[in-house]
Amino acid sequence: MPSEPFTLTGTGMVGALVSGGRNDNDLYVAPTTLDGTVPHNATGTDDEAYRRVIGDARAHLGKQPRVTVVDEATGGRGHINLGDVRVGTCPTPDPSRRGLAAQWDFSEGQVTTTREKVSQAADPISHVLTDAQYKPDSNPLRRPKNEADGVLSGALLFDGYSTWVTRAASQTRLPTDGLTIEAWVAPRAFEWGDDGKPSAVVNQQDKAAERCFSLGVGRHGRWQFGIGTGDAWYMEIDAVARLFPTADPLRDEDALRKTVLRRLRAGGWFHLAGHGEQNPEEPDGLLYL
């Protein structure tokens, strides 16, 4: 279903609110040229919550494209929702965010939501004292403002219990062949980790079903990154130990506090990154960490 042609002006970006089923081939919204060329398309995330999608059509500035809705899918999510189409007013993409699935920098200050930079959607910051019972309500805690900390000044404080940010898995489209999870953290203490479970920094996992991923810190400050493929759960520290036999991984009782603190200082800033990739043509093949 195409719209009437319009002259593309302004920034050359075409944006819209999209929701509904996820199907790149049969269920999508796309700017199209008069000859039927589709520069890019946007499908849903199997969720009815609208998300803002922005397409780069600058190559067609001054021309007359259309906005086309394709709805040829069937089933429970066999539909696409479209609203608030904006032409030429959305900002051009930030080159530094190319290839990102999602990014949060928690730079908003004393608020109870944080804006994800790729989708521009606001995600809730949950805090046990936002709706307190025995004291006045208060916002999530942050580090003091300090210009010397640069972009890390005023960072949000997480303790694994009282403060967390939630986003539905369907709101972020993750690649199927590989991903990298990164975070800047300044640990103030290391948790015990009941049952050997790490305290997640970034987490989208069903450990019982051995699916998805988790980046976090376990007992004695042992940083962990794991990925589940549905039939097994893989830990990055094990993969690194196989690749580098001379490495000195710190595990469980061997990870004594004095040993860990020679490597990780409580209160100092650290950059954590975990990467995994798999050939989607061979889903039962090897997973690389």
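In this structure, Ile181 and Phe225 have side chains that are in contact, with non-hydrogen atoms separated by less than 4.5 Å. Between Lys135 and Leu129, some side-chain heavy-atom pair lies under the 4.5 Å cut-off. Between Pro65 and Phe6, some side-chain heavy-atom pair lies under the 4.5 Å cut-off. Taking 4.5 Å as the limit, some side-chain heavy atom of Val165 sits within range of a side-chain heavy atom of Phe158. Between Asp137 and Thr130, the closest side-chain pair of non-hydrogen atoms is not below 4.5 Å.
Among all heavy-atom pairs drawn from Gly44 and Ile80, the shortest one is N-CD1, 3.7 Å. Residues Pro140 and Leu156 approach most closely at CB-CD1, 3.8 Å, considering heavy atoms. When every heavy atom of Phe106 is checked against every heavy atom of Arg142, the shortest pair comes out as O-NH1, 2.8 Å. For the pair Thr163 and His127, the tightest heavy-atom approach, listed with the atom from each and the gap, is OG1-ND1, 3.0 Å. When all heavy atoms of His60 and Thr33 are compared, the pair lying nearest together is CE1-CG2, 3.4 Å. Taking every heavy atom of both residues into account, Thr11 and Cys90 meet most closely at OG1-O, 2.7 Å.
For the pair Glu116 (side chain) and Gln103 (backbone), a donor-acceptor distance under 3.5 Å is present. Between the side chain of Arg66 and the backbone N or O of Ser3 there is at least one donor-acceptor pair closer than 3.5 Å. Counting only distance, with no hydrogens or angles, the side chain of Thr43 and the backbone of Gly21 share a donor-acceptor pair below 3.5 Å. The closest donor-acceptor contact from the side chain of Thr89 to the backbone of Arg86 lies at 3.5 Å or more, if one exists at all. Judged by distance alone, with hydrogens and angles left aside, the side-chain atoms of Thr114 form no donor-acceptor pair with the main-chain N or O of Asp123 at under 3.5 Å. A donor-acceptor contact shorter than 3.5 Å is absent between the side chain of Asp206 and the backbone of Arg211.
Annotation: the span from Asn23 atom CG to Glu72 atom CD amounts to 9.5 Å, rounded to 0.5 Å. Here OG of Ser162 is found 6.5 Å from CG of Leu141. Values are rounded to the nearest 0.5 Å. The distance from atom CG of Leu61 to atom CG of Leu8, rounded to the nearest 0.5 Å, is 5.0 Å. With values rounded to the nearest 0.5 angstrom, Met1 atom CE is found 8.5 Å from Asp71 atom CG. Going from atom CZ of Phe213 over to atom CD of Gln205 covers 9.5 Å, rounded to the nearest 0.5 Å.
By the criterion of side-chain heavy atoms lying less than 4.5 angstrom apart, applied directly or through intervening Ile, Leu, Val, Met, Phe, Trp or Tyr residues, Val87 is grouped together with Val69 in one hydrophobic cluster. Residues Val70 and Val67 are members of separate hydrophobic clusters, defined by side-chain heavy-atom contacts under 4.5 angstrom among Ile, Leu, Val, Met, Phe, Trp and Tyr. Note on Leu82 and Tyr28: separate hydrophobic clusters, where clusters join Ile, Leu, Val, Met, Phe, Trp and Tyr whose side-chain heavy atoms are under 4.5 Å apart, directly or indirectly.
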